[in-house]
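Reviewing the structure listed below.
Start at 1 and go down the list; that is how both ligands and their atoms are numbered. Side chains are part of it too, since the values below use all heavy atoms of this structure and drop only hydrogens, waters and symmetry mates.
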Amino acid sequence: MEPDYDAIIVGAGFGGIGAAIALRKQGLNNLAILERESNLGGTWHVNHYPGLSVDIASVTYSYSFAPNPHWSRMYAPGEELEKYAHHVVATYDLERHMQFDTTVTGAVHDDESGLWRVSIEGREPITARYLVAATGFLSQPYTPPFPGIETFTGDILHTADWDNSFDPTDRSIAVIGTGATAVQLIPKLAERARSLTVFQRTPIWVIPKVDTPIPAPVRRLFERVPATQRALRSVNNTILEGVMVVGVLQYGRQRILNRAVAAASKLFMRTQVRDRKTRKQLTPDYDFGCKRPTFSNQYFKVYNRSNTALETSGIDHFRSNALVAADGTAYPIDTVVLATGFNLWDTNFPAFEIIGREGRDLGKWWRDNRFQAYQGITVPKFPNFLSLNSPYSYNGLSYFTTIEGQMRHIERLFGEMRRRGVTGFEVTEEANQRFLDRMTENLSTSVFYAGDCSGSNSYYFNQHGEAVLLRPTSTRAGLKDARTFPLSDYTYAQ
Ligand code: NAP
């Protein structure tokens, strides 16, 4: 039986784009890239709240094989990332494979034909030999069930569904949440709002950003001598590896590095926030790295403004025109901004139902048997399936490094299939177990287990309290694994 497509990729963000480039390189030209949104770019298409920018410097937060000398700043604004996605897609001629406004509802492996059958909302199912899930970690917006929110008569905006026509001027706004998104948005709202009350449940570690516009002569230099931009990427990768990877994932051995970053963040806050009580409220009581830290030069200063208040007693309920805090204070507001993030562990992993060989349901299997994926990309009993947003895939540096490692994994795996003259692969149970054991052991010295993460409320931990999101290896080790994993870790079939 001939499939409709060589491969179906679900998601047209940077993960799906990377997978498509890798598969095309392997000679797979009949691709379907299915995207539920109306355009490509993934998170950078969906998110367009004021202040959106990368918080990993752009030299690092981009494909190494597609450097962009045109970033306007060290940390590019969100729309430049969307533009970059379009540029890469045009360069590799991928848009012709993309189908927008196409929501995948499920995928089943047909053990007889060896094909994947993918169900799509409002359409006939389609088939492919290979299935790639590239739906991202942060794709299912979360709105907590706040008591009385249905009685609130003002405007409610979620940061992942921003209304571009919203004008904060003279509004009385409550922002709920202080994650990386809120940290970018709050300074923008504070500039224009009549009053801004920030409802913080858990403080976030904030590090200053070395962010400047990139002058035209430097951009020209990057364009003419790409090695200069590569050198900057290399320097930035090394710094980030220390802060975001070594200090967090190798906490047991590098505690001093972790402590130094936390001390620098506290010192930075001291120079920024005048009020002592506010500083105390903004100081995390969990170790650096337990949850995703962020970078900002504007955030802390906001709390010196007369129109901005920090509320930390918690949210009790909404009234028609007010938000009532747990200590009984009622804040009259006309707008609520939900910077409440995404649901990773209930509605993601996977983002749609995936049924593998012998009827194994991926979501159920993960929940019943620990979340796991060999090298963060393949799963036993799921032949010809690549799951890019898997447990243990991303080590905290830049998502692009993860994608490029996965592209190398694809290259090695498909190269071996070509050499053997076969079209089917499946990771062995033994290889998967070996990898899981290694990750479990490595994690024991991470900040998640060797540090104090109680009270961090971190999405790095799943519903069973296990920190299985990040891959506890250095970036170099992850990339080496992608190039050298034993080919016998897979079985191959016609
Ligand atoms: P997030 O980090 O999950 O933050 C959600 C916030 O909402 C947290 O402060 C959380 O408090 C709060 N919250 C959730 N439920 C609540 C409730 N019932 N009551 C009170 N507060 C509640 O989400 P995010 O800020 O959207 O960021 C998600 C991730 O996106 C980041 O970690 C980062 O990886 C990425 N991001 C990247 C960039 C960038 O690179 N440009 C920008 C933004 C985001 P708790 O902490 O107590 O749970």
Side-chain angles (χ1 to χ4, degrees), residues 13-14 42-44 46-58 60-62 73-82 136-149 157-162 174-188 197-207 209 211 240 244 248 281-282 284-286 289-296 299 310-318 323 325-326 336-346 348 389 394-400 402 453-461 469-470:
F14 284 116
T43 198
W44 299 102
V46 171
N47 284 282
H48 41 86
Y49 56 82
L52 175 70
S53 74
V54 294
D55 66 5
I56 300 290
S58 298
T60 292
Y61 196 81
S62 45
R73 305 186 63 87
M74 297 280 278
Y75 292 79
E79 69 264 16
E80 288 187 25
L81 267 290
E82 196 178 6
F137 293 115
L138 304 163
S139 54
Q140 320 291 343
Y142 173 60
T143 297
F146 293 116
I149 194 164
L157 289 97
H158 195 292
T159 56
D161 185 23
W162 195 258
V175 173
I176 302 178
T178 51
T181 298
V183 165
Q184 295 188 336
L185 176 64
I186 285 168
K188 290 285 171 197
T197 311
V198 177
F199 285 78
Q200 169 190 278
R201 189 165 66 179
T202 311
I204 183 169
W205 285 107
V206 183
I207 311 171
K209 252 181 175 179
D211 186 20
L240 273 180
M244 306 285 273
V248 174
Q281 289 171 313
L282 288 168
D285 62 358
Y286 57 87
C290 288
K291 72 193 300 176
R292 169 68 153 68
T294 193
F295 302 79
S296 173
Y299 177 63
L310 179 65
E311 169 57 60
T312 59
S313 78
I315 292 167
D316 192 74
H317 66 280
F318 277 83
L323 215 177
V336 181
V337 172
L338 298 167
T340 45
F342 302 85
N343 189 333
L344 271 85
W345 297 106
D346 299 319
N348 228 346
N389 34 272
Y394 167 61
N395 80 339
L397 185 92
S398 153
Y399 193 53
F400 283 90
T402 301
C453 288
S454 56
S456 66
N457 262 341
S458 169
Y459 67 69
Y460 289 165
F461 292 82
L469 188 69
L470 294 196

Please lay out, stage by stage, how H158 and L338 fare under the test side-chain contact (heavy atoms from CB on, under 4.5 Å). CA-CA 5 Å; H158 195 292; L338 298 167; 4.0 Å; yes

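- Ranked by closest heavy atom to atom 19 (N) of ligand 1, the top entry among F295, F146, F199 is F146.
- Ligand 1 has no N or O atom lying under 3.5 Å from any N or O atom of Y142, backbone or side chain.
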Going through the checks in order, is the side-chain contact (heavy atoms from CB on, under 4.5 Å) test met by N343 and N348? CA-CA 7 Å; N343 189 333; N348 228 346; 6.0 Å; no

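- Contact annotation: the side chain of S53 approaches that of K209 to within less than 4.5 Å [non-hydrogen atoms, C-beta and beyond].
- Residue contacts with ligand 1: S456 is placed with no nitrogen or oxygen under 3.5 Å of a nitrogen or oxygen of the ligand (distance criterion only).
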Using the rule given for side-chain contact (heavy atoms from CB on, under 4.5 Å), can you reason through L323 versus T197, listing the C-alpha separation, both sets of side-chain angles and the distance that settles it, and then say yes or no? CA-CA 10 Å; L323 215 177; T197 311; over 6 Å; no

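- At the top of the distance list for atom 8 (C) of ligand 1, counting protein heavy atoms only, stands T178 N, 4.0 Å.
- Of the protein's heavy atoms, S53 O, 2.3 Å lies nearest to atom 41 (N) of ligand 1.
- Among V183, I315, T43, D55, the residue whose heavy atom lies nearest to atom 40 (O) of ligand 1 is D55.
- Taking every non-hydrogen atom of Y49 and a distance limit under 4.0 Å, the qualifying atoms of ligand 1 come out as 42 (C), 43 (C).
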Worked verdict on F400 versus F14 for ring-ring contact (aromatic ring centres under 6.0 Å, His included): CA-CA 8 Å; F400 283 90; F14 284 116; 4.7 Å; yes

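- Evaluated by nearest non-hydrogen atom to atom 43 (C) of ligand 1, the leading choice among L81, L185, T181 is T181.
- The protein non-hydrogen atom at the shortest distance from atom 4 (O) of ligand 1 is G179 CA, 3.7 Å.
- Considering only non-hydrogen atoms, atom 20 (C) of ligand 1 lies nearest to I176 out of I176, T159, N457.
- Here A180 has heavy atoms under 4.0 Å from ligand 1 in both its backbone and its side chain.
- Within the 4.0 Å heavy-atom cutoff, I56 does not count among the residues contacting ligand 1.
- Distances from atom 33 (C) of ligand 1 to the heavy atoms of Y459, F137, F342, Y460 show the closest one on Y459.
- Side-chain atoms of T312 never come within 3.5 Å of backbone atoms of Q281 as a donor-acceptor pair (strictly under, hydrogens ignored).
- Ranked by closest heavy atom to atom 7 (O) of ligand 1, the top entry among G341, A339, S398 is A339.
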Under the side-chain contact (heavy atoms from CB on, under 4.5 Å) rule, what do Q200 and L282 come out as? Steps first, then yes or no, please. CA-CA 9 Å; Q200 169 190 278; L282 288 168; 3.5 Å; yes

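- Between K291 and ligand 1 there is a heavy-atom distance shorter than 4.0 Å.
- Aromatic ring orientation, F318 versus F146: tilted (interplanar angle from 30° to 60°).
- Below 30°, between 30° and 60°, or above 60°: for Y394 and Y399 the angle between ring planes is above 60°, a perpendicular geometry.
- W205 contributes no side-chain N or O that, together with a main-chain N or O of C290, makes up a donor-acceptor pair within less than 3.5 Å.
- In the vicinity of W44, heavy-atom distances shorter than 4.0 Å reach the ligand 1 atoms 41 (N).
- For atom 30 (O) of ligand 1, the closest non-hydrogen atom of the protein is L138 CD1, 3.2 Å.
- Proximity of a side-chain donor or acceptor of T340 to a complementary backbone N or O of T143 within less than 3.5 Å is not detected.
- Close contacts between ligand 1 and G177 involve ligand atoms 6 (C), 7 (O), 9 (O), 12 (C) [criterion: under 4.0 Å to a heavy atom].
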